[in-house]
Amino acid sequence: MPLKVLTMLQHRLSPSMGRTLQCPWISISRQSHAHSVSHCQSSIFASNVLRDAARSAWPWQQQRGCKSAASSSDNGNSVSADNRTFFATTPLYYVNAEPHMGSAYTTMAADAIARFQRLLGRRVTLVTGTDEHGEKIAEAAAAKGQQPQEHCDGVVSAFKGLWEELDIRYDSFIRTTEPKHEAVVKSILSRVWETGDIYKAKYEGWYCVGCEAYKDDSEMEGDHACPTHKKRCVEREEENYFFALSKYQNQIQALIEEEGFVQPEARRNEMLGWVRAGLRDFSISRAAVAWGIPIPLDPSQTVYVWFDALLGYMSALLPEGVEAQPKELQARGWPANVHFVGKDILRFHAVYWPGMLMSAGLPIPKKIFAHGFLTKDGMKMGKSLGNVLDPRSLLKAYGADAVRFYFLKEIVFGQDGDFSELRFRDIVNAYLANSIGNLLNRTQGLLKKNCSSMLPVAASSIPADNPLRVLAAEQADRAEAAYQDFRLHDALEAGLAISNRGNLYMEEVAPWTAFKKGSDAEKHAAAAALVAVLEAVRIVALIMSPVTPGLSSRIYAGLGMSPEQFDCLRWSDVQWGGLPEGQSMPKPQPVFARIEADPVTDVSVSAVSMAAQ
Ligand SMILES: Nc1ncnc2c1ncn2[C@@H]1O[C@H](COP(=O)(O)OP(=O)(O)OP(=O)(O)O)[C@@H](O)[C@H]1O
């Protein structure tokens with residue numbers, strides 16, 4: 001989608017352009033909030049600088065009258081689900097163990113996409129949370145000698161702490177042990193019951209506690225082992241309540257045949273194959289599991305964790321005491337624009353979940369996006385297998401921006417990827433420290449030395465055919481389309497293409513030579529080149545901000561912008577022309593420190609390759 005031309009970003013051409021500035025052709029000192037110009041022969045230039053300084057805020061901020069970020073605080077949760085809203089979810093993670101890099105992966109991706117949608121001006125609701133019932137959790141608690149609730153509370157605080165360290169900006173965190181969730185589960189169960197879609201029957205089969213699901217022969221490896229959890233399934237026979245999923249065969253098949261409901265395409269085909277083979281009813285209660293929500297009409301059984309957990313997306317939206325009625329839900333953004341899940345739980349979301357909603361007479365989510373696995377030695381990293389990468393050690397050593405950037409750039413969202421710390425360090429150094437950080441730092445160094453850290457011209461005055469300006473416009477369009485399609489790596493590559501070109505541009509223009517021995521006109525051109533580079537870096541920072549919010553805000557601060565102004569940005573600010581004439585930069589500070597220290601993980605188990613599936 002082409003970028004809209006925003007008048008708020010259109011600065012008038014600086015009258016100082018085309019004039020000859022003499023040496024010291026700009027000598028500007030900053031006193032508190034006022035700028036003064038001395039030794040500059042142009043009084044027109046001086047008056048422009050003073051006028052810009054008097055405005056004291058960035059032009060687009062003033063026109064917007066923006067006071068705070070468009071985030072959860074102004075979410076309101078009371079708008080209808082239309083194009084102005086965006087409701088996305090991560091899975092509700094099992095609390096059988098503390099979160100690992102795999103749990104963080106989905107959450108980082110969902111957060112980046114939610115941040116992009118906020119930049120578009122949509123009212124975003126990002127839901128995350130924890131799935132706390134079931135046999136698997138009860139077993140994990142017992143292994144620690146704890147009561148299930150005590151165990152859950154401990155693991156939930158680890159999840160919340162990790163999300164904070166990772167800079168995740170969620171709008172609602174739902175725990176399936178919350179009373180409001182239990183009320184929603186009971187109410188939806190009653191609706192489904194009234195539809196006549198629940199019946200009691202005997203079930204015999206192989207059960208994987210790790211997946212909390214019965215497995216067909218085709219879904220197990222030799223000796224009835226679960227391919228994901230590498231553990232033998234247990235043979236079970238129970239009398240359970242069943243949900244009549246097969247009744248919705250045609251509707252569910254038609255839904256998955258619809259282009260775009262399940263993404264990526266390979267996953268959609270997988271689901272289609274599964275559904276076309278014929279849907280079977282599934283059991284929605286457990287007789288032998290005490291740690292769960294009791295079935296209202298038969299408290300001797302508890303609700304199956306998946307029937308329970310999926311409804312968490314609904315209870316996350318509803319305040320305590322508000323009924324799960326279609327009107328109430330829709331008023332709060334229901335249904336979800338997208339559920340982000342790993343491919344391990346796609347079937348529950350793409351098949352079971354729509355069936356449950358159809359039965360309850362509620363709208364179906366618009367999209368299910370299933371990403372691939374972070375693997376270790378080719379196997380899915382998971383809590384049950386314990387072959388996990390601890391995000392905390394990475395965060396401690398490298399910070400949130402580096403971690404977010406690496407995983408979202410290096411692994412195509414939708415495919416599998418192995419982690420290698422060596423590659424992690426190379427990638428982060430090459431792009432964040434060098435391509436972006438160094439470019440900003442050395443440009444600001446030249447600006448400080450030669451222009452007293454003040455922009456001699458507005459970015460908008462850089463000619464339309466300037467190569468950086470041309471590329472920035474192209475890449476901003478590319479990034480927007482990529483974010484819309486959840487191609488996060490592509491959006492980041494668009495930003496990096498600009499910073500890489502910025503480095504090349506600096507070498508081509510070599511402004512340091514003109515500053516040293518050029519004519520006034522050449523010096524002027526050199527100064528304008530610095531402005532072009534700084535403007536390009538500003539655009540890179542905005543493009544990358546959904547993924548690297550900390551780094552981007554440091555870049556904006558380095559360009560003289562406050563955190564509040566950064567929070568107020570909109571995607572339309574990628575338009576060239578944001579940096580005004582006379583903008584004063586603080587003392588140049590490195591925005592990203594090169595990684596030099598020793599590796600912090602066991603690199604010997606990591607491979608560099610990324611296996612697409
Ligand atoms: N290795 C992984 N790669 C990518 N995402 C993962 C990975 N492991 C977990 N996730 C994310 O967590 C979701 C599953 O949550 P869950 O709490 O079951 O985690 P888990 O570690 O896979 O647990 P377990 O190993 O016990 O099955 C996945 O659908 C995905 O969103």
Side-chain angles (χ1 to χ4, degrees), residues 88-111 113 126-141 143 151-152 155-156 158-159 162-163 166 168 174-176 207-213 215 225-231 233 262 267 305-306 308-310 312-313 338-350 352-353 368-391 403 406-408 410-419 486 488 605-606 610-611 613:
T89 67
T90 74
L92 305 189
Y93 301 102
Y94 271 138
V95 291
N96 55 321
E98 298 213 344
H100 57 89
M101 206 57 236
S103 344
Y105 180 63
T106 322
T107 315
M108 292 186 301
D111 178 66
I113 289 158
L126 176 63
V127 164
T128 189
T130 43
D131 176 0
E132 304 184 19
H133 288 131
E135 196 172 344
K136 184 163 154 174
I137 308 298
E139 278 182 4
H151 161 84
C152 292
V155 180
V156 167
F159 269 93
L162 179 61
W163 299 159
L166 262 175
I168 304 296
I174 184 71
R175 298 183 58 176
T176 58
Y207 193 75
C208 170
V209 179
C211 295
E212 291 278 20
K215 300 270 174 183
C226 165
T228 307
H229 295 99
K230 303 289 173 202
K231 241 179 152 175
C233 300
V262 174
R267 299 284 156 236
V305 276
W306 271 107
D308 167 349
L310 288 163
Y313 300 138
V338 55
H339 293 303
F340 293 110
V341 296
K343 62 185 177 182
D344 50 336
I345 56 172
L346 174 59
R347 186 190 302 177
F348 298 102
H349 286 79
Y352 289 16
W353 182 221
I368 317 288
F369 187 97
H371 63 73
F373 289 153
L374 303 191
T375 56
K376 211 158 182 183
D377 298 337
M379 279 204 297
K380 179 199 171 218
M381 208 182 269
K383 295 196 285 294
S384 298
L385 280 185
N387 58 343
V388 294
L389 179 66
D390 176 15
V403 172
Y406 174 80
F407 285 99
L408 299 181
E410 276 302 282
I411 298 169
V412 173
F413 198 44
Q415 297 182 1
D416 288 357
D418 247 38
F419 170 78
F486 313 144
L488 296 171
V605 295
S606 306
M610 284 200 300
Q613 280 217 338

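Counting starts at 1 for both ligands and their atoms, in listed order. Residue numbers count from 1 along this sequence.
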Taking only distance into account, with no hydrogens and no angle test, what donor-acceptor pairs under 3.5 Å do side-chain atoms of residues 92-99 form with protein atoms, sequence neighbours excluded?
| from | atom 1 | to | atom 2 | distance (Å) |
| --- | --- | --- | --- | --- |
| Y93 | OH | S103 | O | 3.1 |
| Y93 | OH | T107 | OG1 | 2.7 |

**OP:** Could you find the nearest protein heavy atom to atom 15 (O) of ligand 1 and give me its residue, atom name and distance?
**Re:** Y93 CD2, 3.8 Å

Original post:
Nearest to atom 30 (C) of ligand 1, what protein heavy atom do you find, and at what distance?
Top reply: T106 OG1, 3.4 Å

Subject >> Which atom of K380 lies closest to which atom of D344, heavy atoms considered >> reply: NZ-OD2, 3.4 Å

**OP:** Locate the shortest heavy-atom distance separating G210 from H229; write the atom from each residue and the value.
**Re:** C-CE1, 3.3 Å

Can you tell me which portion of [X] lies within the under-4.0 Å heavy-atom range of ligand 1? Options are side chain, backbone, both, or neither.
X: H371; result: side chain
X: H229; result: side chain
X: N96; result: side chain
X: I345; result: side chain

Under a 4.0 angstrom heavy-atom cut-off, which atoms of ligand 1 come close to [X]?
X: F373; result: 3 (N), 4 (C)
X: M381; result: 1 (N), 2 (C), 7 (C), 8 (N)
X: G382; result: 21 (O), 25 (O)

Subject >> 4.0 Å heavy-atom contact, G372 with ligand 1 >> reply: yes

Subject >> Close approach of H100 to ligand 1, heavy atoms, under 4.0 angstrom >> reply: yes

**OP:** Anything under 30° is parallel, anything over 60° is perpendicular, the rest tilted; go ahead and classify W306 against F348.
**Re:** parallel

Subject >> Over-ring placement of K343 relative to F373, 6.0 Å and 45° cut-offs >> reply: yes

**OP:** Please lay out, stage by stage, how H371 and Y105 fare under the test ring-ring contact (aromatic ring centres under 6.0 Å, His included).
**Re:** CA-CA 9 Å; H371 63 73; Y105 180 63; 5.0 Å; yes

Original post:
Listed by chain and number, what are the salt bridge (charged side-chain N to carboxylate O under 4.0 Å, His left out) partners of D308, not counting sequence neighbours?
Top reply: none

Original post:
Under 3.5 Å, N or O to N or O, is Y94 touching ligand 1 that way?
Top reply: yes

